[in-house]
Enquirer: 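I have a structure here, written as C-alpha cells, and I will follow up with some questions on it.
Excluded from the calculations below are hydrogen atoms, water molecules and symmetry mates; all remaining heavy atoms, backbone and side chain alike, are included.
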Amino acid sequence: MKRLLPLLLSLLLLVGCDLFNQQDTENLFPTDTYDFGQQSAYTLPGGDPAQPREKNVVKTIQSYTGEIPLTDPVRRYSYELPFIDLAGSHAAGCNQDIENFFGGLIKQSLDAMERYEDPILERLSFSSYTQDGILTLRVDRRDFDGSENQAWYTVDAETGEAVSVARLFDAAKISGDPAAVLNEEVLARFTQRYGPLEGADAAHSTAYNRTQAALSPLTANRMHLNENGSLTVAVELFAPEGGSELMELTLP
C-alpha cells in the first residue's frame, strides 16, 4: 500500500479534488479521541479531549475510527484503549502496561496512516466481566496482516490489587492444591503429546522436567477466568526434540 510521493502527486493532479471527495475525508484519520489525564496529539474538533466512557470500572480512554487510506476495497480501522478505573497498585501496573504497549501500537498505526503507509493495527477492542469479585479485562488485537491475539488482565474488582492463585482456583471451583492440580494436568498433556515418561529416553525426561520447572513460581499472571467460570493457564511445553510452545490449559 505504500505509495511513492511523485506517483501520489501525479494522481492528485489528474483527478483534482475528486480523490478525496469520493471518500469521507473526516474518516481518513481519527475523528474523535478519548484521553484520560493527558491530551493526545489527536483531539476532537475544537481541540478539547472528550470525557471517558464508562464500562463498569473499565473506561475507554482513547477511541479512533475511520478508513485506512488508499485501501481497495476500503478497509476501516477501529481502536479503543481501555483503562481500569481502580486505585490499587496492580491496576495501575496493568494500566501502564496497556498504555505502553497497546497505546504505542495505536500511535504507530496513526502515524503510519498519516504517511499513507500500512498501519500495524486494524482493530483494537476490549471486553470485561466480573466474577466472584474478580475483574477480568480482555484486550483483542487484529493486525492489518490479519493476525489476531488477546491479552488478559486480572485484578480485584473492588481494590484493584492483585488476585492470588488460590482465589482464582476457588472462583473456578477447582479443589486441591493449585500446584498439584496443575502438575497433574501438565503431565497428562505432555504424555498425550509426546508419550509416557516410563521407558523414555533422556531427551524426553529432560523436556518434561523443563516443562514442570517453567511452572515455578506459580503466579496469577499466567492465569485468567473465562466468562463461563473456567480457568485458563498459560503453560510453556518443551519438546523432546528441542524448542517449546506456549499453550493454554483450561481447567477444570
Side-chain angles (χ1 to χ4, degrees), residues 1-3 23-36 40-44 49-50 52-85 91 93-131 135-155 221-228 230-236 245-250:
M1 186 186 71
K2 184 187 290 185
R3 306 291 178 86
Q23 302 186 53
D24 182 356
T25 56
E26 292 183 354
N27 287 330
L28 278 173
F29 298 109
T31 57
D32 56 4
T33 294
Y34 300 88
D35 194 10
F36 192 88
S40 170
Y42 306 94
T43 58
L44 287 168
R53 293 175 293 172
E54 290 195 17
K55 292 184 178 180
N56 297 322
V57 296
V58 180
K59 298 180 178 180
T60 302
I61 58 169
Q62 292 183 31
S63 180
Y64 306 96
T65 60
E67 294 178 0
I68 299 175
L70 303 181
T71 50
D72 184 19
V74 171
R75 294 172 66 172
R76 296 187 62 83
Y77 66 89
S78 175
Y79 309 148
E80 284 198 325
L81 189 70
F83 177 89
I84 303 172
D85 190 17
C94 292
N95 288 330
Q96 190 65 58
D97 180 77
I98 292 168
E99 172 65 27
N100 290 345
F101 185 70
F102 292 109
L105 289 176
I106 288 175
K107 185 179 186 306
Q108 291 177 55
S109 297
L110 295 174
D111 289 346
M113 286 188 286
E114 283 200 326
R115 299 189 301 267
Y116 291 91
E117 298 175 357
D118 293 345
I120 299 171
L121 297 174
E122 182 172 355
R123 184 183 69 246
L124 187 73
S125 59
F126 68 89
S127 60
S128 62
Y129 47 90
T130 301
Q131 299 169 320
L135 172 68
T136 302
L137 169 63
R138 168 178 167 168
V139 181
D140 291 278
R141 167 186 174 182
R142 177 182 173 85
D143 288 356
F144 185 80
D145 63 11
S147 59
E148 298 184 0
N149 56 64
Q150 299 82 37
W152 302 83
Y153 299 90
T154 300
V155 302
N221 290 339
R222 66 170 75 227
M223 306 175 186
H224 68 264
L225 290 172
N226 301 303
E227 290 185 85
N228 62 4
S230 60
L231 181 68
T232 292
V233 184
V235 174
E236 187 175 10
E245 63 175 305
L246 191 63
M247 65 186 308
E248 292 186 337
L249 302 181
T250 300

Enquirer: Report the C-alpha distance between Arg123 and Asp140 in whole Å, list the side-chain angles of each, state the deciding distance to 0.1 Å, and finish with yes or no for side-chain contact (heavy atoms from CB on, under 4.5 Å).
Expert: CA-CA 8 Å; Arg123 184 183 69 246; Asp140 291 278; 5.5 Å; no
Enquirer: Assess whether side-chain contact (heavy atoms from CB on, under 4.5 Å) is satisfied between Leu81 and Ile98, documenting all intermediate values.
Expert: CA-CA 8 Å; Leu81 189 70; Ile98 292 168; 3.6 Å; yes
Enquirer: What's the separation between atom CD in Glu248 and atom OG1 in Thr250, rounded to the nearest 0.5 Å?
Expert: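 Taking CD in Glu248 and OG1 in Thr250, the distance rounds to 6.5 Å.
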Enquirer: Would a 4.5 Å heavy-atom cut-off, applied to side chains only, mark Leu105 and Leu124 as touching?
Expert: no
Enquirer: Side chains of Leu121 and Tyr79, heavy atoms from C-beta outward: is any pair under 4.5 Å?
Expert: yes
Enquirer: Test side-chain contact (heavy atoms from CB on, under 4.5 Å) on Cys94 and Val155; report intermediate values, then the result.
Expert: CA-CA 9 Å; Cys94 292; Val155 302; 4.1 Å; yes
Enquirer: Kindly give the heavy-atom pair with the smallest separation between Pro119 and Ala112, and that separation in Å.
Expert: CA-CB, 4.2 Å
Enquirer: Could you check if a side-chain atom of Glu114 sits within less than 4.5 angstrom of a side-chain atom of Leu110, using non-hydrogen atoms only?
Expert: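 The answer is no; the side chains never approach within 4.5 Å.
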Enquirer: Mind telling me whether Trp152 and Tyr129 have parallel, tilted or perpendicular rings, with 30° and 60° as the class edges?
Expert: perpendicular
Enquirer: Look up atom CG in Leu246 and atom CD in Glu236, then write down how far apart they are to the nearest 0.5 Å.
Expert: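 Those atoms lie 7.0 Å apart.
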Enquirer: Please examine the side chains of Val58 and Leu135, heavy atoms only from C-beta on, and report whether any two atoms are closer than 4.5 Å.
Expert: yes
Enquirer: Short question: side chain of Asp145, backbone of Ser147 - any donor-acceptor pair under 3.5 Å?
Expert: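 Yes, because the side chain of Asp145 sits within donor-acceptor range (under 3.5 Å) of the backbone of Ser147.
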Enquirer: Tell me whether Arg75 is salt-bridged to Glu122, with the criterion being a basic N under 4.0 Å from an acidic carboxylate O.
Expert: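 Glu122 and Arg75: salt-bridged.
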Enquirer: Would Asp111 and Lys107 pass as an ion pair if we require N to O under 4.0 Å?
Expert: yes
Enquirer: Side chains of Met223 and Thr232: closer than 4.5 Å at any heavy-atom pair?
Expert: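 Met223 does not reach Thr232 side chain to side chain.
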Enquirer: For the residue pair Phe144 and Ile68, establish whether any side-chain heavy-atom pair is separated by less than 4.5 Å.
Expert: yes
Enquirer: Between Val139 and Pro82, is there a side-chain heavy-atom distance shorter than 4.5 Å?
Expert: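 Pro82 vs Val139: side chains touch.
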Enquirer: At what distance, to the nearest 0.5 angstrom, does OG of Ser125 lie from CZ of Arg138?
Expert: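 The distance works out to 8.0 Å.
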Enquirer: What verdict does the side-chain contact (heavy atoms from CB on, under 4.5 Å) test give for Phe83 and Gln62, after you've listed the backbone C-alpha separation in whole Å, the side-chain angles of each residue and the deciding distance to 0.1 Å?
Expert: CA-CA 9 Å; Phe83 177 89; Gln62 292 183 31; over 6 Å; no
Enquirer: Between Asp97 and Tyr153, does any side-chain donor sit less than 3.5 Å from a side-chain acceptor?
Expert: yes
Enquirer: Can you tell me how far CZ of Arg76 sits from CD of Glu67, rounded to the nearest 0.5 angstrom?
Expert: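 One gets 5.5 Å once the value is rounded to the nearest 0.5 Å.
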Enquirer: Tell me yes or no: between the side chains of Asn95 and Glu99, is some donor less than 3.5 Å from an acceptor?
Expert: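 Side chains of Asn95 and Glu99: no pair found under 3.5 Å.
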Enquirer: To the nearest 0.5 Å, what is the distance between CG (Leu231) and CG (Leu225)?
Expert: 6.0 Å
Enquirer: Give the minimum heavy-atom separation between Asn228 and Gln131, together with the two atoms involved.
Expert: N-NE2, 4.3 Å
Enquirer: Any idea which heavy atoms bring Asp143 and Arg141 closest together, and the distance?
Expert: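 Distance-wise, the nearest heavy atoms are OD1-NE, 2.6 Å.
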Enquirer: Using a 4.5 Å cut-off on heavy atoms from C-beta on, say whether the side chain of Ile84 contacts that of Leu137.
Expert: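 Side-chain contact under 4.5 Å: yes.
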